[in-house]
Chemist: 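I'd like to ask you about the structure that follows.
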Amino acid sequence: MNIRTWLQGLSARGKAQPVPMSEELKSYFLTGVDVWKSVYGGGGDWRYARKGGLNGGYRRVKSLGAAKALCSELSALCFSQQMELKVPDQKAQSFVEQTLQQNNFWQCFPLFLEKVFALGSGVVKIYPENGRVKLDYVQADAFIPTQYDEKGVYGGVAVSLCCDGSDRYLLAERHEKTSGGYRITNTLYKKRSGGDFKEVPLAELFPDLQEQTDIDGLTKPLFVYFRPAVAGDDMLGVSVFAGAIDTLEALDTVFDSLEREFVLGKKRIIVPTSALKGEYGSDGKLHKYFDTEDEVFQAFSADDKEELKIIDNSGELRVDEHIAALEQLLDLLCMQTGLSAGSLSYHSTTAKTATEVISRNDKTHRTKTAHQQLIREGLIDMVKNILLLGALEGEISPELAKAEPTVVFSDSVSRDNASKIDNALKLLDAGVIDKNRALGEIYGLSDAEAAQEQETMEV
């Protein structure tokens, strides 16, 4: 049971009320977010397979972890390169950089972004604490949208579990847009012996936290809703592998078969029954075995000499067939998620830098650009909220809070040598550039240095 389910099942006695959810929103969580989280974590409907034999039962299917690998690859591709975050005023720039460093943003955001790709969305909540601006990274299954339209999500409830000794609490932080501005409401629930939650005074666990805060004139939420650039039936966000669930199941099936190929294909030796020894076990039953360490000659009586032969009956392992199937399925997964074939290959034949991706002008670059566009818009809103709260806390002047930040992903800062040489030679063969220009592109020489090098080569 996750936080969202707990919140829906709150006791209605007293002032406690469940968070209102439409049928469409419930379906989005039950058939969307919950399923994607399970698959991302190594679950799925196919995770257990029936055992053979008389006792039956189930065994856990081995997982390749392709869903997590995909989301990790996208996160690294979209955010691992140098990113420039600029604010026009130097003081505002320093304040933003300091806030990001204090919140460990550069380490936490790539991990958060991986969860966004997996679960279809995620929220970065900006709030003040002890005079400082703090960032809270909320997963999709811990945030319930309550106000949204085609422009985005501007209201919702962020929920979190808290502990105080053996007591368990649930804090619901509701953000909503009002006619006069913006309102934040905090509600605390305590888990009872029966398993349900009942509302308790907020001061029982958070004495310094206000139950309700109204900010007049605020027209934008103090959280940023991130989602991947994937089209779906709902604008709340869709997992990048939502349309490839069957392929992920097939990958696990083949990987499980490969693992069992080694288990079931172990070396098997057939020996005559006369070569077996027997011992009585603790259960009183006679257990027969073949002693491979026994080097003493023994005499056996047999009319047929073939009966005394020890035969190797090991089967041939079908490793190459499984590897080929995995490669084909990984390429199919790439096609379904907007990546170029080979992007998820475990062989060293794929693009390693953003520049190499750009030089190929392939699907991976286009998909990365689409995701980065939404990430850029979210980061700009996040920086605006940091500046706004900085002004409210008196860290910067109100005028600086109106600054317009910019975010630039500098994917072409460095170039891949192999790609650079290949492009220069192609342009030379096509007659677009001369030899001097080609030498300059490959070795970084000036026109004069390239001409001198060309003269030396001719001599």
Side-chain angles (χ1 to χ4, degrees), residues 1-22 25-26 28-30 33-34 37 102-103 108 112 115 119 121-148 153-178 180-216 218 220-225 236 385 388-389 392-393:
M1 182 181 296
N2 54 32
I3 296 176
R4 174 187 53 78
T5 308
W6 278 330
L7 195 58
Q8 284 183 264
L10 294 175
S11 172
R13 287 173 286 184
K15 294 193 302 179
Q17 294 292 332
V19 173
M21 296 179 67
S22 64
L25 192 58
K26 289 180 182 179
Y28 171 75
F29 277 103
L30 292 175
V33 176
D34 286 357
K37 183 179 181 180
Q102 291 174 349
N103 287 273
C108 293
F112 164 78
K115 299 291 183 66
L119 306 185
S121 64
V123 170
V124 175
K125 185 161 58 72
I126 301 93
Y127 64 98
E129 183 180 277
N130 299 326
R132 289 186 175 183
V133 179
K134 307 290 288 184
L135 303 180
D136 186 17
Y137 308 93
V138 185
Q139 293 184 188
D141 63 325
F143 184 85
I144 303 176
T146 56
Q147 295 177 317
Y148 54 93
V153 178
Y154 54 88
V157 180
V159 294
S160 55
L161 291 175
C162 312
C163 300
D164 184 16
S166 60
D167 295 328
R168 300 292 183 268
Y169 294 87
L170 187 146
L171 178 64
E173 181 179 336
R174 188 185 189 101
H175 292 246
E176 56 185 337
K177 187 177 180 181
T178 62
Y182 195 73
R183 174 176 296 169
I184 302 176
T185 307
N186 293 297
T187 310
L188 184 65
Y189 302 91
K190 184 176 182 180
K191 189 175 183 179
R192 304 191 302 181
S193 58
D196 60 346
F197 284 77
K198 181 180 180 180
E199 184 177 348
V200 295
L202 191 62
E204 183 172 325
L205 195 61
F206 302 100
D208 299 329
L209 190 61
Q210 297 182 2
E211 292 187 2
Q212 182 173 306
T213 302
D214 290 293
I215 305 177
D216 296 334
L218 183 62
K220 63 189 299 293
L222 291 178
F223 65 83
V224 181
Y225 195 87
L236 295 178
N385 282 336
L388 175 61
L389 285 182
L392 294 176
E393 292 295 310

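Everything numeric in this text was worked out from a predicted model, so none of it was measured. Here, residue 1 is the first one in the sequence, and each next residue gets the next number.
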Chemist: Say you draw a straight line from CG of Asp214 to CG of Leu218; how long is it, rounded to the nearest 0.5 Å?
Modeler: 11.0 Å
Chemist: Nearest 0.5 Å, please: how far is CG in Leu388 from CG in Leu222?
Modeler: 6.5 Å
Chemist: Specify the closest pair of heavy atoms between Phe29 and Pro145, including all atoms of both residues, with the distance to one decimal.
Modeler: CZ-CD, 3.9 Å
Chemist: Any heavy-atom pair between the side chains of Cys163 and Arg168 that's under 4.5 Å?
Modeler: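 They are in contact (side-chain heavy atoms under 4.5 Å apart), so the answer is yes.
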Chemist: With heavy-atom distances below 4.5 Å as the criterion, would you say the side chains of Leu25 and Tyr148 are in contact?
Modeler: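 In contact.
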Chemist: Do His175 and Pro221 come close enough that some side-chain heavy atom pair is under 4.5 Å?
Modeler: no
Chemist: Is the backbone N or O of Leu236 less than 3.5 Å from a side-chain atom of Tyr225, with the two atoms forming a donor-acceptor pair by type?
Modeler: yes
Chemist: Hey, are Lys125 and Glu173 close enough for a salt bridge, meaning a charged N less than 4.0 Å from a carboxylate O?
Modeler: yes
Chemist: If I take atom CD from residue Glu129 and atom CG from residue Leu135, how far apart are they, to the nearest 0.5 angstrom?
Modeler: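 That separation rounds to 11.5 Å.
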Chemist: Do Leu119 and Asp141 pass the side-chain contact (heavy atoms from CB on, under 4.5 Å) test, and can you show the C-alpha distance, the side-chain angles, and the key distance before you say yes or no?
Modeler: CA-CA 8 Å; Leu119 306 185; Asp141 63 325; 4.2 Å; yes
Chemist: Looking only at atom types and distance, does a side-chain atom of Asn103 sit under 3.5 Å from a main-chain N or O of Val133, one as donor and one as acceptor?
Modeler: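 At least one qualifying donor-acceptor pair exists.
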Chemist: Heavy-atom distance under 4.5 Å between the side chains of Val157 and Arg174, does that happen here?
Modeler: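 Heavy-atom side-chain distance check passes, below 4.5 Å.
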Chemist: Can you name the nearest heavy-atom pair linking Gln212 to Arg183, along with the distance?
Modeler: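 Residues Gln212 and Arg183, closest heavy atoms: NE2-NE, 3.4 Å.
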Chemist: Can you find a pair of side-chain heavy atoms, one from Leu161 and one from Tyr169, that are under 4.5 Å apart?
Modeler: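 Heavy-atom side-chain distance check fails, nothing below 4.5 Å.
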Chemist: Show the nearest heavy-atom pair for residues Tyr127 and Asp136, with the distance to one decimal.
Modeler: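 Closest approach of Tyr127 to Asp136, heavy atoms only: CE2-CB, 3.8 Å.
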Chemist: Roughly how far apart are Glu199 CD and Leu188 CG, rounded to 0.5 Å?
Modeler: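 Answer for the CD-CG pair, Glu199 versus Leu188, is 8.5 Å.
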Chemist: If you take all heavy atoms of Phe143 and Val153, which pair is closest and at what distance?
Modeler: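 Taking Phe143 first and Val153 second, the nearest heavy atoms are CE2-CG1, 4.2 Å.
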Chemist: Going by heavy atoms in the side chains, are Leu202 and Thr187 under 4.5 Å from each other?
Modeler: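 Heavy-atom side-chain distance check fails, nothing below 4.5 Å.
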Chemist: Less than 6.0 Å separating the ring centroids of Tyr154 and Phe223?
Modeler: no
Chemist: Is a donor on one side and an acceptor on the other found under 3.5 Å between the side chain of Asn186 and the backbone of Gln210?
Modeler: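 Yes.
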Chemist: I'd like to know whether Val124 forms a side-chain contact (heavy atoms from CB on, under 4.5 Å) with Val138, so could you lay out the CA-CA distance, the side-chain angles of the two residues, the decisive distance to 0.1 Å, and finally the verdict.
Modeler: CA-CA 6 Å; Val124 175; Val138 185; over 6 Å; no
Chemist: Can Arg132 and Gln102 be said to form a side-chain contact (heavy atoms from CB on, under 4.5 Å), step by step?
Modeler: CA-CA 9 Å; Arg132 289 186 175 183; Gln102 291 174 349; 3.8 Å; yes
Chemist: As an exercise, state the distance from CG of Leu205 to OH of Tyr189, rounded to the nearest 0.5 Å.
Modeler: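 So the gap between those two atoms works out to 14.5 Å.
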Chemist: Does some side-chain heavy atom of Phe206 sit less than 4.5 Å from a side-chain heavy atom of Leu171?
Modeler: yes
Chemist: Decide yes or no for Val33 and Tyr28: does some side-chain heavy atom of the first lie under 4.5 Å from some side-chain heavy atom of the second?
Modeler: yes
Chemist: Ignoring hydrogens, what is the shortest heavy-atom contact between Pro128 and Glu393? Give both atom names and the distance.
Modeler: CB-OE2, 3.3 Å
Chemist: How long is the gap from NZ on Lys37 to CD on Gln139, to the nearest 0.5 Å?
Modeler: 5.5 Å
